[in-house]
Amino acid sequence: MSDSKNKIKISPSILSADFFCLESSIEAVKETEWLHLDVMDGHFVPNITFGPCVIEAIRSKSDHVFDTHLMISEPEKYAVEFAEAGSDIITFHVEAVEDVASVIDSVKETGTNVGLSIKPGTSFEAVTDFLPMIDLLLIMTVEPGFSGQSFMHEVVPKIKKAREAVDEYDDIDISVDGGISPTTAPEVVENGANVLVSGSSVFEGDIENNLRELRESVE
Ligand code: DX5
Ligand code: ZN
């Protein structure tokens, strides 16, 4: 990726965008570094979103870093397909597969960066063995599945712990996802997060103003 790690990056989640006008929604956030693409299968999480064909369709319309978040069971079956659809980073859940290392390897073989995600109830230790292999750690600050939920403050110590641990691998981004807004962003950044995934706080209402407020909250 061309952007430097550890810089604060905003990754608007299109889950909260207007799916009828996806092109203009994405255009409205063209200033942000990343774009967050939530893939849900109705099995790992109780919601269904979209498949690789949607990522492929929007790839030519956007210069964002495509930050694909797979909330699916058996990521080993689909991760490569989502990578080849145009993702720049494929993040899957450590809870979703037994052989985590082989999924990481298969995505890396496509030349795509790899992230691991952990749910609020999963300890940081679940990913420590894989830190030398990954580019991003995505810490869920809500239960995965839906946008618009309240930020879970109890996850903050895990963000801090992750930052302390990844500092020895200076090329790992720490992303937070769920309930991120100008109110909650300062706390997660202070504790070490550098990628802010945000859905409803960006896309509901005046997008330009929302982005400015979010950016200013962490400056
Ligand atoms: C939830 C998704 C999030 C979601 C965040 O499972 O992974 O990316 O879009 O939405 P907000 O920011 O509204 O909590
Ligand atoms: Zn997400």
Is [X] reaching over with its side chain to a backbone N or O of [Y], donor-acceptor style, under 3.5 angstrom?
{"X": "H64", "Y": "R59", "value": "no"}
{"X": "S201", "Y": "S198", "value": "no"}
{"X": "R215", "Y": "V218", "value": "no"}
{"X": "S16", "Y": "S200", "value": "yes"}
{"X": "N210", "Y": "E204", "value": "yes"}
{"X": "D135", "Y": "N113", "value": "no"}
{"X": "K119", "Y": "H93", "value": "no"}

Looking only at heavy atoms, what is the nearest atom pair of [X] and [Y], with distance?
{"X": "L136", "Y": "S175", "value": "CD1-CB, 4.1 Å"}
{"X": "D18", "Y": "S25", "value": "N-OG, 3.4 Å"}
{"X": "I89", "Y": "G115", "value": "CG2-N, 4.1 Å"}
{"X": "A165", "Y": "L131", "value": "CB-CD1, 4.5 Å"}
{"X": "E95", "Y": "S117", "value": "OE1-O, 3.7 Å"}
{"X": "P120", "Y": "V142", "value": "CG-O, 3.3 Å"}

Rounded distance [0.5 Å steps], [atom1] in [X] versus [atom2] in [Y]:
{"X": "E27", "Y": "C21", "atom1": "CD", "atom2": "SG", "result": "13.0 Å"}
{"X": "I207", "Y": "N209", "atom1": "CD1", "atom2": "CG", "result": "11.0 Å"}
{"X": "S147", "Y": "I14", "atom1": "OG", "atom2": "CD1", "result": "11.5 Å"}
{"X": "L137", "Y": "I159", "atom1": "CG", "atom2": "CD1", "result": "10.0 Å"}
{"X": "D105", "Y": "E76", "atom1": "CG", "atom2": "CD", "result": "13.5 Å"}

Is there a continuous path of hydrophobic side-chain contacts, each under 4.5 Å between heavy atoms, that joins [X] to [Y]?
{"X": "I139", "Y": "M133", "value": "yes"}
{"X": "V54", "Y": "L35", "value": "yes"}
{"X": "I118", "Y": "V176", "value": "yes"}
{"X": "I58", "Y": "F19", "value": "yes"}
{"X": "V103", "Y": "I134", "value": "yes"}

Return yes when atom [atom1] of [X] has more than 12 non-hydrogen atoms of other residues, nucleotides or ligands closer than 6.0 Å, and no otherwise.
{"X": "D63", "atom1": "CG", "answer": "no"}
{"X": "E154", "atom1": "CD", "answer": "yes"}
{"X": "E143", "atom1": "CD", "answer": "yes"}

May I ask you to test the [X]-[Y] pair for a side-chain heavy-atom distance under 4.5 Å?
{"X": "V114", "Y": "K108", "value": "yes"}
{"X": "M40", "Y": "I72", "value": "no"}
{"X": "K61", "Y": "K30", "value": "no"}
{"X": "W34", "Y": "F66", "value": "no"}
{"X": "E31", "Y": "E208", "value": "no"}

Residues two or more places apart in sequence or in another chain: which of them pass side-chain contact (heavy atoms from CB on, under 4.5 Å) with [X]?
{"X": "E216", "value": "R212, E219"}
{"X": "F151", "value": "T141, H153, V156, I180, T184, E187, V188"}
{"X": "V100", "value": "F92, V94, V97, I104, L116, F130"}
{"X": "P182", "value": "E213, L214, S217"}

Output, in order, the C-alpha distance, side-chain angles, deciding distance and verdict of side chain to side chain contact (heavy atoms under 4.5 Å, CB included) for E84 and E56.
CA-CA 8 Å; E84 289 174 344; E56 209 175 321; over 6 Å; no
Does the distance from a Lys or Arg side-chain N to an Asp or Glu carboxylate O, for E74 and K77, drop under 4.0 Å?
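So E74 pairs with K77 through a salt bridge.
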Give the intermediate values and the outcome of salt bridge (charged side-chain N to carboxylate O under 4.0 Å, His left out) for residues K158 and E125.
CA-CA 10 Å; K158 188 160 63 179; E125 284 68 27; over 6 Å; no
With respect to S11, which candidate in D173, D177, D67 satisfies the side-chain hydrogen bond (donor to acceptor under 3.5 Å, both in side chains) definition?
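Among D173, D177, D67, the one that satisfies the side-chain hydrogen bond (donor to acceptor under 3.5 Å, both in side chains) with S11 is D67.
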Working for side chain to side chain contact (heavy atoms under 4.5 Å, CB included), residues R163 and N191
CA-CA 7 Å; R163 172 52 65 194; N191 282 279; over 6 Å; no
May I ask you to establish whether K160 and F124 are in a cation-pi arrangement, using a distance under 6.0 Å from NZ or CZ to the six-membered ring centre and at most 45° from the ring axis?
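No.
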Keeping to residues at least two apart or across chains, list the side chain to side chain donor-acceptor pair (under 3.5 Å) pairs with something in residues 37-47.
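For residues 37-47: S13-D38, H36-D38, D38-H69, H43-S73.
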For V189 and N194, what are the C-alpha separation, side-chain angles and deciding distance, and is it a side chain to side chain contact (heavy atoms under 4.5 Å, CB included)?
CA-CA 6 Å; V189 168; N194 71 296; over 6 Å; no
My understanding is that only one of L37, I90, T91 makes a side-chain contact (heavy atoms from CB on, under 4.5 Å) with L70; could you say which?
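Only match with L70 under side-chain contact (heavy atoms from CB on, under 4.5 Å): I90.
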I'd like to know whether F203 forms a side chain to side chain contact (heavy atoms under 4.5 Å, CB included) with L15, so could you lay out the CA-CA distance, the side-chain angles of the two residues, the decisive distance to 0.1 Å, and finally the verdict.
CA-CA 9 Å; F203 286 105; L15 187 58; over 6 Å; no
Does T128 have any side chain to side chain donor-acceptor pair (under 3.5 Å) partners at least two apart in sequence or in another chain, and if so, which?
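For T128, no residue satisfies side chain to side chain donor-acceptor pair (under 3.5 Å) once neighbours in sequence are set aside.
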